[in-house]
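Letters go in sequence order (proteins before strands), and every chain restarts at 1. What you see below is based on every heavy atom in this structure, not just the backbone, and it leaves out hydrogens, waters and symmetry mates.
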Amino acid sequence: MDSKSLILAEDDVMLASLLKYRLEKEGFSVTLCQDGKKVKEELEAQLPDLIVSDIMMPYFSGIELTDYLRNQLNSQIPIILISAASNDENVVSAFELGANDFISKPVSPSELLVRVKRELIRKR
Amino acid sequence: MSATTKKIEAKRAELAPVISNFLFHTPEGPKEEQKEYVELKITIRDYLKDKQFRRVVSEVLFDLQKDVSGSTRERLFKLYQELGLHEDAYKKLNSWQWHKIAKGILQLSKMNVKDAYHIIKRFVNDRRSVVRKQAELATVSLRTEGIEYVLDSTRFAISEWQQLKLIEVLGNKEGYRPPEFKDWLISSNKDVVLFALRLIKHYNQIGAEAAITTLVKHKNDTIKAAAVNCIIDFNFHSALPTMKRVFWKSNNDVKIAILNAFAEMGTPSDLFFLEDVSKNEKNFLVASKAQSAMNRIQPDAVLPSKDLIDVEEVPVVESSTKEDTELDFLSLLDIAVIYEEVLPAEQASIEFSEVEVYDVVTVTEETVESYYENHLNPEKGLDAANAHTMSTQEKMDIYIHMTQEERINLLLELKESSKPQDIKFLEFIAEKEDHSEIRYKAFRILQGLEKNENQHVNGGVDTPAVTETNETDYTVVDYDTIYKPEDSVFYPLFNYGDRTGKVVLVKEAGKIGTDKEVVFLNHLLETETDKVLLTAVKEALDRLQPKPSDTGKDESETVNLDSIRNLEVIVDVETLDEHNSEEKEEADQRLPLELLFLNESLEDENPNQEEEIEQLFSFEIAPEYFKDDYNKLVS
């Protein structure tokens, strides 16, 4: 079975490393990006099967990333957003722009894994 | 970024996969993974001998616990203690520097080192506020009974911010079952009492009613106000009398809180207390709050009374409550009087001269009063006794202003003593009345009146009410003295006709005849012997002679049939006649088809229900039905 490719956009090295480790252990091919600019470069190079992105990131926020993906690239790749605070406005904006799911910190890696799998099943 | 920070960041990046490996290691994994895990453990134990490295690992784990939850977080706590990093935090507690102690307490509580509870709780009464506050939070966080220990033992004040933080810590505890916080309402520490009240409200512990009510009598006004607010939240009505007693011994804040309580929970019986407060309270805010509470309990209990200009009271014209489309003449009179009072006489005249129908210009108070006294005086009223002396219009004018009960009473009286001059009035009621029962009663009285009149005309037994009539009584004119049989145009033709021709002529005379034909037909009645011809003559006479019961049933039919009953020639007619008479009697008692529904609403007036049900399904048949049959038989 081909492993699914994911982009994990998270500026906190420790958390990013932890989540990457957990996802790779489940067989996903994870590309780690520490800011929005690198995510954009990765997207221009090749589109992944799913994106997990923190909302608060340098250069390019998770909401801007969603907008870029949906309106500029016209891509329907599933996006799961992570935010430190469950700010209602952020959540509403994210869903309005086309985010598929939302998860607030503190993140349970097991929960994130379940959500990633669910979105990939939906995509099929 | 400084060199040290850069160094630390590099260490963090280096440590990240190691820690991830530790956190997600499973003993069931492949051998290679197990081998890698053991090697990592040996390596990290060597690193941990370095104090700097221990500090970095400790900070990394401390930061990470904020971002992860669930089983990963639990593994993180376990790793923290396995690596012996909690020993460093314990050491900090022995420091003489307050910030190191606070940091040590924070690390131990955040990394959920439960064994540290007994050590940390000793700092709850530390004289250094930062240490004390951190210790309170850690004590509450580490164990369920921590909050009870804090409330029991703290001798210092607990700020509102600290109270909220402690409630937040309690809220984060999974499956937390709070104790009965009313037990701390008797604490000597006023802040503990206030915190207990806050916790009671937060956890909605309504079992503390008596304790909270008692706190209204507390000498401390802050506790008093908090207790009152708690009472409002829980809607403890039983506390209102206590609040009344303590009101005058409280400060303004408590007074306002108490008045808010009365506004929320007060009843009209509390208005006396509130009125007393509004009159005797010197503080404007408190007095105003009392009036506001009065208005909340009873709207418009207190109306604005200051800075109002003097304005004469103007009577307000009440709108007519009549449902029918008739103009309420009395209301128009009232309007006219008010206009004459408010406007100059000339102006009023100009306004009302435009109203042609009522000629309101001439209406004055005197005329209105005289109208009331002479015609519509409510005291004079309308009853069966004076109804006969009034005109129908007067009766109708009074009737439309009567209540439903008065109308029923009037009709009950009229039922006993109605006279023919009441017929128009009764017809008015039967036609215009909205209430079905009253309409039905009027109809029945009308029916009785008409029956009595017909009996009178046909020589029946007259009731006194009907024989006294002078309005609808009619005089039987003796035409025989005015005309002769020869005066009729049918007379010469009759003498030349055969039997069939004579019958036809008599029928025609009945149809188009005048008074002359009446004389002619009476003459035939006396002179002719042919029974068939006589029958035709009687029929023609019945058609020509007018009867007072034209609007109702043709009672002349009874007369004809009575005379015909003696004839032996037409045997079937006798049977028909008997049947017809019986039907007529029944029909007099029956309702017309369109009013049959009224039987349902008048069950009390129909004690014999079975008969009524029979009548419901035996519809009235007009006498003409039998008359036609009879004519067919005769012809």
Side-chain angles (χ1 to χ4, degrees), chain A residues 1 3 6 8-35 38 52-59 61-62 80-87 90-91 101-118, chain B residues 1 5-30 32-34 36-37 40 44 53 55-80 83 85 110-112 168 171-172 174:
Chain A
M1 190 181 78
S3 62
L6 269 73
L8 177 63
E10 169 62 61
D11 58 335
D12 185 331
V13 181
M14 198 62 226
L15 181 64
S17 173
L18 199 74
L19 297 176
K20 182 175 181 275
Y21 185 90
R22 187 78 180 91
L23 290 166
E24 281 179 341
K25 209 176 175 187
E26 288 296 319
F28 293 103
S29 169
V30 182
T31 306
L32 196 61
C33 300
Q34 290 191 332
D35 58 60
K38 283 182 181 170
V52 178
S53 172
D54 190 6
I55 284 184
M56 299 298 286
M57 281 192 304
Y59 306 118
S61 78
I80 298 172
L81 293 174
I82 300 171
S83 176
S86 53
N87 187 326
N90 277 346
V91 177
D101 206 349
F102 179 88
I103 190 165
S104 61
K105 286 182 185 175
V107 181
S108 166
S110 306
E111 186 187 338
L112 178 69
L113 194 66
V114 172
R115 288 176 187 260
V116 166
K117 286 178 179 175
R118 190 185 63 180
Chain B
M1 196 182 282
T5 315
K6 276 185 180 175
K7 201 177 174 183
I8 289 170
E9 281 299 312
K11 283 260 183 193
R12 282 169 69 101
E14 191 185 335
L15 273 172
V18 178
I19 290 169
S20 299
N21 200 323
F22 271 112
L23 289 176
F24 299 115
H25 169 73
T26 47
E28 296 84 25
E32 287 179 6
E33 196 179 302
Q34 297 295 333
E36 191 185 347
Y37 176 70
L40 266 175
I44 209 163
F53 185 81
R55 193 170 67 84
V56 172
V57 173
S58 184
E59 281 177 6
V60 163
L61 294 180
F62 191 75
D63 288 344
L64 197 58
Q65 59 86 24
K66 295 174 191 167
D67 292 334
V68 294
S69 62
S71 59
T72 310
R73 195 160 189 251
E74 295 299 322
R75 286 179 189 178
L76 196 74
F77 294 153
K78 201 177 169 186
L79 179 67
Y80 180 77
L83 297 175
L85 299 173
K110 289 291 178 188
M111 300 312 288
N112 203 30
E168 189 188 0
N172 290 333
E174 287 179 11

- Message: Would M14(A) and D63(B) count as a side chain to side chain contact (heavy atoms under 4.5 Å, CB included) here? Give the steps.
- Response: CA-CA 9 Å; M14(A) 198 62 226; D63(B) 288 344; over 6 Å; no
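Between P109(A) and F24(B), the shortest heavy-atom distance links the atoms CG-CZ, 3.8 Å. Considering every non-hydrogen atom in both S69(B) and P106(A), the closest pair reads OG-O, 3.2 Å.
For N21(B), the parts lying near chain A are the backbone and the side chain together; criterion is any non-hydrogen pair under 4.5 Å.
No other option in S71(B), G70(B), S20(B) has as many heavy-atom pairs under 4.5 Å with chain A as S20(B).
Annotation for K25(A): atom NZ counts as buried by contact number, over 12 foreign heavy atoms lying within 6.0 Å.
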